[in-house]
Structures are given as structure tokens and as C-alpha cells.
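Everything below concerns the one structure shown next.
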Amino acid sequence: MKVVKIGLLGLGTVGGGTVNVLAKNGEDISRRIDCQVIVSSASARDITRSRICNTDDIELTTNPQDIVNDPDIQIIVELMGGEEPAKSLILQALANGKHVVTANKALIANHGNELFAEAANNKVTLAYEAAIAGGIPIVKAMREGLSANSIEWLAGIINGTGNFILTEMRDKGSAFEDVLAQAQALGYAEADPEYDVEGIDAAHKLCILASLAFGMPLNFEHVYTEGISKITPLDVTYAEELGYRIKHLGIAKRAEKGVEMRVHPTLIPEKRLIANVDGVMNAVVVKGNAVGTTLYYGPGAGAEATASAVIADIVDICRQLDAPLGSTVPALGFASDKLYERPTLSIEDVTTAYYLRLSVEDKPGVMAAITKILADNGISIEAVQQKEPEQHGANAQVIILTDSVVEKSLITALEQIESLDSINQPAVRIRVESLQ
Ligand code: NDP
Ligand code: HSE
């Protein structure tokens with residue numbers, strides 16, 4: 001049987017998981033592709049450390065160049081993370097005529113246009129299924145399964161760590177920092193967990209999904225990004241009383257004046273399937289103009305779940321090794337000369353409904369003043385509730401659900417509301433999406 005040699009750059013959570021899954025399922029994988037996939041070498045910073053996988057048959061090195069320049073290795077699997085040295089190593093591997101598999105969404109979102117062009121120049125594949133939503137084969141679904149459709153919008157829970165934190169806080173009342181530490185111990189979090197918590201990792205993934213959906217070059221700078229660090233248990237509770245869940249969503253939408261790309265906490269009606277996606281699980285809803293709404297669900301992070309996507313890319317490459325050049329699916333699902341730049345909408349021009357929480361002095365006339373300002377700015381109210389103060393003299397909480405409004409009108413209204421004498425704290429505002 002033909003043997004395909006793999007070189008792993010990185011032997012941490014995903015690298016170790018990849019070795020383990022290949023060991024566990026190697027026979028079945030060989031049967032699928034009629035060749036044997038062998039991890040012949042792997043690099044790490046410290047090769048004396050114990051690993052989650054057996055490394056007895058793997059040549060270990062601290063110098064990734066040894067692997068990238070090894071003529072016996074056909075596929076380089078980059079699982080180091082970060083921009084450098086990962087980018088230079090991938091470029092060198094591509095120049096050496098090797099196929100590359102990566103799980104590095106930061107690298108693809110920021111440098112994918114250049115890297116895909118380099119792969120095409122060298123007539124090799126740069127595959128990245130594991131970069132988005134862990135084990136969910138969403139790249140394949142978008143690029144191939146939905147290719148008959150014009151995609152109208154997609155919305156996803158695309159960061160496992162963030163969803164795990166929100167779920168544990170809601171279900172167990174756990175403290176934010178404690179749950180983040182658990183996510184790190186489980187290998188879910190990025191090397192810098194700010195990427196998870198502040199929405200940067202989700203923004204990387206959303207940027208790639210938007211390009212796959214709308215056939216445009218990667219444009220990370222235009223993704224609006226908000227994380228989960230300001231979500232309070234109070235808002236989680238009030239949202240649930242109104243029949244909503246708060247989820248951190250990445251949303252890409254084809255709007256009349258441009259493409260929306262945004263990542264932020266969002267209230268979703270609790271009856272939507274995606275509102276019930278908990279823990280490290282991810283889910284992406286994609287609305288195509290032929291198929292309608294489809295949902296893709298699965299583990300968004302973790303060693304073997306992510307390895308599943310990494311190995312699916314390796315399998316695809318093995319199947320193509322003897323195929324005629326040019327027969328592979330383009331990296332973003334459209335031939336590179338058919339990727340069109342599209343205008344992106346700034347967040348001030350995006351239209352959504354809102355959840356507002358206003359902390360107000362418990363005095364007559366406050367509610368009338370607030371509703372007048374909203375009406376003066378053309379903002380309709382869908383629902384309103386007043387929570388009486390728990391102690392005499394404390395602030396009351398006014399919860400408002402608005403109808404859809406252009407963000408800049410809402411900002412103007414909130415500035416006027418916050419200048420009222422009876423309001424002494426900034427308003428909390430969270431976008432609301434019906435996802436229909
Ligand atoms: P880890 O930190 O667990 O592993 C990184 C590996 O790369 C380690 O073996 C490390 O060596 C090695 N490494 C890191 N920097 C360097 C460097 N400068 N030079 C040489 N070796 C280096 O990361 P993960 O496995 O969690 O993540 C890997 C990639 O996969 C990232 O791009 C991440 O975003 C992505 N990803 C991760 C998922 C997950 O669930 N963890 C899911 C989907 C994608 P050493 O072990 O000696 O420190
Ligand atoms: N840190 C990422 C997450 C890993 O939690 O989703 C998977 O991309």
C-alpha cells in the first residue's frame with residue numbers, strides 16, 4: 001500500500017489529538033483512501049515534555065525547518081498557532097511543493113489571500129477545515145454542499161471557549177475566571193485567551209465564513225468585534241424571563257448596501273435550536289436561497305474533535321495526490337479570479353432590534369421621559385418591563401426590547417436617555433436577532 005508521510009508542526013492539544021486519532025482509526029482511514037498515513041516527524045518547542053499521544057515512532061525536533069525541508073514528507077500539518085513562524089513555515093512548505101493543512105484561523109483570516117495564492121502558484125493545496133468550528137465540517141458544507149445556493153446570511157456560535165463560559169455561568173452560576181481556567185485546562189482556549197473572550201477568535205472564523213458565503217477575498221479588518229466579557233448574570237436572567245438566550249454570535253449577512261460582518265453577544269429566541277447549543281458545542285445556521293435554513297452542529301474545540309477535521313483534510317489531499325492538476329475545490333469555493341470585493345457595512349449602519357437595560361432612579365415620570373426619547377428617534381418598543389429596586393432608594397431596572405432600528409439612531413437616543421437626571425449609569429444594550 002502507498003505510504004503518505006506527514007510532518008506535524010506543533011504537538012500540543014490538536015497535534016497530539018491528530019496523532020491519537022490516526023493511531024485509533026488508521027486502519028479504517030487507510031481503507032477509505034487506499035494508502036497509509038504516517039506521522040513521520042513532529043516539532044515542538046520542548047521535545048522532552050510528556051505528550052497526550054505516543055511519540056515512540058515519531059522523529060521529534062525543535063527545528064520545524066527540518067520538517068518543512070524534508071523531501072520525504074508530502075503533507076505539512078501546521079498546528080502551532082500564531083502568525084510567525086507559522087506563516088513563514090507554511091510559505092516555505094508550499095514553495096517546496098508540499099500540501100499544507102492548518103487549524104490556524106488567525107493566520108488564514110489575516111494572511112489567507114496571500115497564502116492561498118501561493119498554494120495555487122505552487123499547484124498544491126492549503127486546507128483549513130479545522131480552523132472554523134472545530135470538528136464541524138462547515139468548510140466542506142459551505143464550499144461544496146451548498147454550492148447551488150446564493151447565501152443570504154449565516155449566524156454561528158463559533159467559539160467553544162466563549163460558549164462554554166456563558167453556559168457554565170448560566171447553569172451553575174460559576175465565576176467567569178473559574179470557567180475560563182477550566183476551558184484552558186481542557187485545551188479549548190487559545191494561547192492568549194483574550195482571543196476567545198474578546199471575540200477575536202470568533203471574528204477570525206466569521207471573516208473566513210463570510211468569504212466562503214459571498215465569494216469575496218478575506219477582509220478581517222472589516223469585521224466588527226465585541227466579546228463576552230461585559231455580559232452580566234443579571235442580563236442573562238432578564239433575557240430568559242423575556243424568552244431569549246444570550247449567545248455570542250458571528251453574523252454575516254448580505255444587506256442591500258453591503259455585507260455585514262459582525263461578532264457580538266446576541267439575544268436569540270429560546271425556541272431556536274441554536275439558542276440551545278451549550279458548552280463547548282458550536283453551531284452555524286446558514287440560509288441559502290434554494291435550500292432554506294440549514295444548521296451544522298458539533299464540538300467547537302478539543303483535541304480529537306479538532307483532529308477529526310484536520311484528518312478529513314489529510315484524507316482529501318491523499319485522494320487528490322494522483323488527480324490531475326486543477327481538479328481540486330478552490331480554497332474559498334470560487335476560482336480566485338471570481339472572488340469579488342464587496343462593500344462592507346459599518347456597524348452604525350446595521351439594523352437590528354435591541355435589548356436595553358436602564359438603571360433608573362425610582363421616580364415618577366422617568367418611564368415617560370425614556371419612551372418619549374425613543375419615539376422622537378423613531379424607535380418602536382416591542383416590550384417593556386420595570387424591575388422594582390430590591391432596597392428602598394436603590395435604582396430600578398427598566399428592560400426594553402425595541403423593534404429593528406439603525407444602530408446610529410439607537411446610539412443618539414441612548415445619549416439623550418443617559419443625559420436624563422434620573423439615569424446615572426450607562427445603558428446596557430445587546431442586539432437581538434430572530435434568525436428566521
Ligand atoms: P497548543 O498550544 O496546545 O500547541 C501548540 C504546539 O505548537 C505545541 O506543541 C508547541 O510546542 C508548538 N509551538 C508553539 N509555538 C511554537 C514555536 N514558536 N515554535 C515551535 N513550536 C511551537 O495549541 P493547540 O493545539 O490548542 O492549537 C494549535 C492550533 O490549532 C492553533 O492555531 C489553534 O488556534 C488551532 N485550534 C485549536 C483548537 C483547540 O481546540 N485547541 C481547535 C481548533 C483550532 P510545546 O508543546 O513545546 O509548547
Ligand atoms: N479557542 C477556540 C475555541 C478553539 O474555543 O473555539 C477552536 O477554534
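What you are looking at is a predicted structure, and each value in this text was computed from that prediction instead of being measured. Whatever order the structure lists them in is the order used to number ligands and atoms, beginning at 1. Scope of the values below: all heavy atoms of this structure, side chains included, with no hydrogens, waters or symmetry mates.
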[atom]: the protein heavy-atom neighbour that sits closest, reported with distance to 0.1 Å:
atom	result
atom 5 (O) of ligand 2	Thr161 OG1, 2.6 Å
atom 30 (O) of ligand 1	Ala103 CB, 3.5 Å
atom 41 (N) of ligand 1	Gly187 O, 2.8 Å
atom 44 (C) of ligand 1	Lys105 NZ, 3.3 Å
atom 6 (O) of ligand 2	Gly160 N, 2.7 Å
atom 15 (N) of ligand 1	Arg45 NH1, 3.5 Å
atom 25 (O) of ligand 1	Val14 N, 2.9 Å
atom 12 (C) of ligand 1	Gly10 CA, 4.0 Å
atom 4 (O) of ligand 1	Gly12 CA, 3.3 Å
atom 7 (C) of ligand 2	Gly300 O, 3.2 Å
atom 31 (C) of ligand 1	Gly81 CA, 3.6 Å

*Could you tell me whether atom 23 (O) of ligand 1 has at least one protein heavy atom nearer than 4.0 Å?*
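Within 4.0 Å of atom 23 (O) of ligand 1, no protein heavy atoms are found.
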*Protein heavy atom under 4.0 Å of atom 36 (N) of ligand 1*: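 Neighbour list for atom 36 (N) of ligand 1 includes protein heavy atoms (cut-off 4.0 Å).
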*Would you mind running through ligand 1 and noting each atom that sits below 4.0 Å from a heavy atom of Ala301?*
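Taking each heavy atom of Ala301 in turn, ligand 1 has 40 (O) under 4.0 Å.
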Has ligand 1 got any nitrogen or oxygen that is less than 3.5 angstrom from a nitrogen or oxygen of [X]?
X	value
Asp46	yes
Leu11	yes
Gly302	yes

Salt-bridge present ([X], [Y]; N to O < 4.0 Å):
X	Y	result
Asp201	Lys205	yes
Arg170	Asp278	yes
Glu152	Arg254	no

Atoms in ligand 2 with a heavy atom of [X] nearer than 4.0 Å:
X	result
Glu190	1 (N), 2 (C), 4 (C)
Lys105	2 (C), 4 (C), 7 (C), 8 (O)
Asp196	1 (N), 2 (C), 3 (C), 5 (O)
Lys205	2 (C), 3 (C), 6 (O), 7 (C), 8 (O)
Asp201	2 (C), 6 (O)

Hey, is [X] one of the residues with a heavy atom under 4.0 angstrom from ligand 1?
X	value
Pro85	yes
Ala191	no
Glu78	no
Ser43	no

*Can Glu198 and Ser229 be counted as having a side-chain donor-acceptor contact under 3.5 angstrom?*
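Yes - a donor-acceptor pair under 3.5 Å links their side chains.
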*Give a yes-or-no answer on whether the side chains of Glu270 and Asn276 include a donor-acceptor pair shorter than 3.5 Å.*
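Distance-only check fails for Glu270 and Asn276.
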*Of the non-hydrogen atoms in Lys247 and Asn163, which two are nearest, and what is the gap between them?*
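In terms of heavy atoms, the two residues are closest at NZ-OD1, 3.2 Å.
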*Is ligand 1 under 4.0 Å from a heavy atom in the side chain of Thr306, in the backbone, in both, or in neither?*
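Just the side chain.
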*asked:* At under 4.0 Å between heavy atoms, is it the side chain or the backbone of Arg51 that contacts ligand 1, or both, or neither?
replied: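 Within the 4.0 Å criterion, Arg51 contacts ligand 1 through side-chain atoms alone.
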*Using a heavy-atom cut-off of under 4.0 Å, does the side chain or the backbone of Asn159 touch ligand 2, or both, or neither?*
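Contact part for Asn159 vs ligand 2: both backbone and side chain.
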_Within the 6.0 Å centroid threshold, strictly below: Phe334 and Phe214_ =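 Aromatic pair excluded; centres sit 6.0 Å or further apart.
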*How far does NZ of Lys87 sit from CD of Glu78, to the nearest 0.5 angstrom?*
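Here the rounded value is 13.0 Å.
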